[in-house]
Amino acid sequence: DLGKITLKGRANLTDGGDFLPAVTVGMDVALPTGSSDELSGSDGVDAGFYLYLSKHVVGDFYAHVNGGATVCSDPDLDPIDMESVRGNVGIAFEWACTGATSIFAQLLYHTPQFAEGGGNLKELSFTYLLGVKTEPWKDVELHFGLIENELKYDNSADFGLQFGVSFGW
């Protein structure tokens, strides 16, 4: 079982200006490489659609807002019914501390994953991310982050690590 493998693509619609933010649209496709039985993905192809707004605030600081929805092709984990469409909204702040490296903090708000059953997973949830992104080579970005998922305000910490690589052309 490979877990969930996701391919993502983004396209800049505008670069923004003095008053308007940069606008980017994105799409991702999660391949059916995971297993719903092992809780490492779905048994079908999932597709997500996103909108990103980014604005230079002052100095080396930037603000980002994003929103999107994921359509799940095989949303059910027997005996629990999952939502076939899930949404999220996020806000992030970025400090470009050097020419090639940024530190960022992000808060994501997620709609419930489960339609019925599923305990806390049928409630709204939040993800906090603190990370670093760097561009060691032209058109290659590396992302490292520490994630905390919060299903309820009184739950225990369940930190995770995130790693990503982005290629541009």
Side-chain angles (χ1 to χ4, degrees), residues 2-34 40-42 44-75 82-113 121 124-151 159-169:
L2 294 172
K4 182 167 75 171
I5 294 178
T6 304
L7 304 175
K8 298 181 178 193
R10 295 192 306 191
N12 293 337
L13 298 181
T14 70
D15 290 331
D18 291 339
F19 299 103
L20 296 176
V23 178
T24 303
V25 293
M27 180 179 176
D28 64 35
V29 176
L31 303 176
T33 53
S40 63
S42 71
V45 174
D46 302 337
F49 305 93
Y50 305 94
L51 177 68
Y52 305 91
L53 304 175
S54 299
K55 183 73 178 129
H56 175 250
V57 178
V58 65
D60 296 327
F61 292 90
Y62 297 82
H64 308 279
V65 175
N66 64 65
T70 300
V71 179
C72 302
S73 62
D74 186 17
M82 297 182 72
E83 295 290 352
S84 59
V85 177
R86 294 179 229 150
N88 65 65
V89 176
I91 185 167
F93 295 97
E94 178 180 357
W95 172 43
C97 51
T98 72
T101 303
S102 295
I103 297 172
F104 59 91
Q106 182 178 33
L107 170 66
L108 286 172
Y109 160 84
H110 307 276
T111 60
Q113 295 183 27
L121 294 178
L124 304 175
S125 63
F126 296 89
T127 300
Y128 308 97
L129 176 64
L130 180 61
V132 174
K133 74 176 183 180
T134 186
E135 187 174 351
W137 306 282
K138 185 179 181 333
D139 294 329
V140 176
E141 281 187 359
L142 301 177
H143 305 252
F144 305 93
L146 179 64
I147 297 175
E148 161 60 7
N149 294 309
E150 189 170 304
L151 301 174
F159 290 98
L161 296 176
Q162 176 180 354
F163 172 73
V165 179
S166 298
F167 299 98
W169 60 84

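Note that the structure is predicted; figures quoted are calculated from it, not measured. Worth knowing before you read on, the calculation uses all heavy atoms, side chains too, and leaves out hydrogens, waters and symmetry mates.
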Requested in this report: State which residues pass side-chain contact (heavy atoms from CB on, under 4.5 Å) with F93; sequence neighbours excluded, sorted by chain then number.
Outcome: A63, I91
**Report entry** Minimum heavy-atom distance H110-L108, with the two atoms named
**Finding:** NE2-CB, 3.8 Å
Query raised in the report: Residues two or more places apart in sequence or in another chain: which of them pass side-chain contact (heavy atoms from CB on, under 4.5 Å) with F19?
Result: none
Report task. Identify, with sequence neighbours excluded, every residue that meets side chain to side chain donor-acceptor pair (under 3.5 Å) alongside N12. Result -> T24
Report summary line: H143 meets the side chain to side chain donor-acceptor pair (under 3.5 Å) criterion, sequence neighbours left out, with E141, S166
For residues 97-107, tabulate all N or O donor-acceptor pairs below 3.5 Å that involve a side-chain atom, not counting sequence neighbours.
{"residue": "T98", "atom": "OG1", "partner": "A100", "partner atom": "N", "Å": "3.3"}
{"residue": "T98", "atom": "OG1", "partner": "T101", "partner atom": "N", "Å": "3.0"}
{"residue": "T101", "atom": "OG1", "partner": "T134", "partner atom": "OG1", "Å": "3.1"}
{"residue": "S102", "atom": "OG", "partner": "E94", "partner atom": "OE2", "Å": "2.8"}

**Report entry** Partner of N66 by side chain to side chain contact (heavy atoms under 4.5 Å, CB included), out of L51, V89, L53, N88
**Finding:** N88
Report summary line: Here the gap from Y128 atom OH to L146 atom CG, rounded to the nearest 0.5 Å, amounts to 13.5 Å
Query - Pairwise salt bridge (Lys or Arg N to Asp or Glu O under 4.0 Å) hits with a residue in residues 99-108, at least two apart - result: none
All N/O donor-acceptor pairs, side-chain side in residues 25-32, below 3.5 Å, sequence neighbours left out:
{"residue": "D28", "atom": "OD1", "partner": "G48", "partner atom": "N", "Å": "3.2"}
{"residue": "D28", "atom": "OD2", "partner": "Y50", "partner atom": "OH", "Å": "3.2"}

Query raised in the report: Between C72 and R86, which heavy-atom pair has the shortest distance, and what is it?
Result: SG-NH2, 3.0 Å
**Report entry** Reported CG-to-CD distance for the pair L130 and Q162, which is rounded to 0.5 angstrom
**Finding:** 11.5 Å
Query - Any residue meeting ring pair (Phe, Tyr, Trp, His ring centres under 6.0 Å) with F167, in chain and number order, not counting sequence neighbours - result: none
Report summary line: Across all chains, not counting sequence neighbours, the side-chain contact (heavy atoms from CB on, under 4.5 Å) partners of V85 are A69, V71
Report summary line: By ring pair (Phe, Tyr, Trp, His ring centres under 6.0 Å), Y109 pairs with (sequence neighbours left out) F126
Query - Partners passing ring pair (Phe, Tyr, Trp, His ring centres under 6.0 Å) against F49 (at least two apart in sequence or in another chain) - result: none
Report task. State which residues pass side chain to side chain donor-acceptor pair (under 3.5 Å) with D15; sequence neighbours excluded, sorted by chain then number. Result -> none
Query raised in the report: Is the shortest heavy-atom distance from the side chain of T127 to the side chain of S125 under 4.5 Å?
Result: no
